[in-house]
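A quick write-up on the structure given underneath.
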Number of protein chains: 2
Amino acid sequence: MPGLVHVVDDDASFRTAIERRLKLAGYDVVTYASAQDFLNAALDDEQPGCILLDVRIPGLSGPELQSRLIAAGSTLPIIFLTGHADTPTTVQAIKAGAEDFLTKPVSSELLLDAIARALARQDAARSHRGRLEAFRAHLATLTQRERQVFDLIVRGKINKQIAYELGTTERTVKAHRHQVMEKMQVHSLAELVSIAERLGMLDPNGR
Amino acid sequence: MPGLVHVVDDDASFRTAIERRLKLAGYDVVTYASAQDFLNAALDDEQPGCILLDVRIPGLSGPELQSRLIAAGSTLPIIFLTGHADTPTTVQAIKAGAEDFLTKPVSSELLLDAIARALARQDAARSHRGRLEAFRAHLATLTQRERQVFDLIVRGKINKQIAYELGTTERTVKAHRHQVMEKMQVHSLAELVSIAERLGMLDPNGR
DNA sequence: CTTCATATTGTCCTTTGGGGCAGTGACACC
DNA sequence: GGTGTCACTGCCCCAAAGGACAATATGAAG
């Protein structure tokens, strides 16, 4: 699996060495001397890649950068690489979703394994998001009214009840309902509910 | 949140000390000198509680016990507590779902925080499983035929298609369908699909 | 002012879903 | 042989959903 590896480390000689090793393994590499440099690069989250991140770097620390990226909605997998790992930092990083936490010096085997896992995971996550994105896009084309009808439909309400709750007639609900099925590109109520469930639009306790 | 804390550690004096501290904090405590002792106790997974687990203990190690418990389907949260933490072990433990990884000596604050989090998480997980369990129980009461009909219904097939695929008539499908709705205790197709989705019975790509 | 999107509604007809009532046939268990 | 469960099915009727054809009303955009 090809991919772009972002190396963030303040040690120039380390960056050069790592870059050489990764390029040998067939990866594209970009290096950054600081977390800020990385943030300034404003990357495409969808492109296959991962981050090799040092914990202790001048300015924004590795974990701080991780938080920022998470807050910004990034899903680039992060592999921490550090000289001195303390337990709380390690635990926190992994809990926050880091792919791995390695210590320098790192064997090529461990490093490449971690990168391969990171890329695989990102790929799976991306394709999963991709499917949901299509649904969200369709959902966005619904008008307010259609969206209200949608919500009630997937909660199992029948047209009569929907009409009552929205203060309109059954005939009108049918019209909106038709539009909803059309715009969401589904052909059965089952598909519609299934999508709503995946988008987390349904309360765990029905009703 | 009250709960039972299982302390697994080979150091007798440590067990006594920890037990005292935890009881002071209002927890029930049971101690074990080895992982095997813990396994022999054959615990109830549903009872509120967690495990305080040493990494290096004679016989089965902490991480090994963790694997066993996971393989056995246990959902008791585990908090590792160890003297010397190496990074790979820490990473692996957290990735495998441990609630935390603390180093001795541990402050009461950190320890009690971790225990509280573990109990809260277990509680949330248990209630979530509980809801699903009820569905699974209902599902288990379906006959073979009803189950087949169920599967086709939630995939959006209409009675006519279901009848054709099962080589029977529409009237018969209706009869089974009625039984399905009855036994699953739902009142709409939407609820049925929602349940199927939560039980992971629907392919991510419909059809 | 015209055009477009949105929301609304009516009439009429067809297809589906849901269910009552009644009965048949296979098979297992006691 | 009696009893039960499960699967199957026909006839009939009602409720709900889907859709064709047609039309009104309103507000924003150009």
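Naming: A, B, ... by sequence-line order, numbering from 1 per chain.
For the OP1/OP2 pair of D/dT5 and a distance below 4.0 Å, the side-chain nitrogens and oxygens of B/Thr143 include no atom meeting the criterion. The phosphate of D/dG19 (OP1 or OP2) has a side-chain N or O of A/His178 nearer than 4.0 angstrom. Contact annotation: B/Thr169 side-chain N/O to D/dT9 OP1/OP2 distance is under 4.0 Å.
Side-chain contact between B/Val7 and B/Leu22: present, with at least one pair of heavy atoms (C-beta onward) separated by less than 4.5 Å.
Minimum atom distance to the side chain of B/Thr168 is reached by D/dC8, of the listed D/dC8, C/dT8, C/dA7. When the nucleotides D/dT9, C/dT9, D/dC8 are ranked by their closest atom to the side chain of B/Arg145, D/dC8 comes out on top. Side-chain proximity of B/Ile158 to the nucleotides C/dA7, C/dG17, D/dT9 is greatest for C/dG17.
Between A/Asn159 atom CG and C/dG17 atom P the separation is 15 Å, expressed in whole Å. The distance from atom CD1 of A/Ile162 to atom C1' of D/dA17 is 11 Å, rounded to the nearest whole Å. Rounded to a whole Å, the CD atom of B/Gln179 is 11 Å from the P atom of C/dG20. Rounded to whole Å, the distance from CD on B/Gln144 to P on D/dT5 is 18 Å. Atom CZ of A/Arg147 is separated from atom C1' of C/dT6 by 17 Å (rounded to the nearest Å). Taking atom CD of residue A/Glu170 and atom P of nucleotide C/dC12, one finds them 16 Å apart after rounding to whole Å. Atom CZ in B/Arg177 sits roughly 9 Å away from atom C1' in C/dG18 (whole-Å rounding). Rounded to an integer number of Å, the gap from CD of B/Glu191 to P of C/dG17 is 18 Å.
Under 4.0 Å is where a charged nitrogen must lie from a carboxylate oxygen, and between B/Glu19 and B/Arg15 no such pair does. Ion pairing of B/Arg68 with B/Glu64 is absent here, as no side-chain N (NZ or NE/NH1/NH2) approaches a carboxylate O to less than 4.0 Å.
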Next item on the list: Give the intermediate values and the outcome of side chain to side chain donor-acceptor pair (under 3.5 Å) for residues A/Ser127 and A/Arg131.
Entry: CA-CA 6 Å; A/Ser127 75; A/Arg131 277 195 297 272; 4.6 Å; no

Checklist line | Residues A/Arg147, A/Gln144; criterion side chain to side chain donor-acceptor pair (under 3.5 Å); working and verdict | finding: CA-CA 5 Å; A/Arg147 177 55 190 274; A/Gln144 275 198 338; over 6 Å; no

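Mapping A/Lys174 and B/Leu166 onto DNA chain D by nearest heavy atom places B/Leu166 closer to the 5' end of the strand. Sequence order on DNA chain C of the closest nucleotides to A/Gly167 and A/Lys183 puts A/Lys183 first from the 5' end. Of the residues near DNA chain D, A/Lys160 and B/His176, the one whose nearest nucleotide (by heavy atom distance) lies more toward the 5' end is B/His176.
Residue A/Thr172 is classed as a base contact, given a heavy-atom separation below 4.0 Å to a base.
The base of C/dG23 does not come close enough to the side chain of B/Arg171 for any donor and acceptor atom to sit less than 3.5 Å apart.
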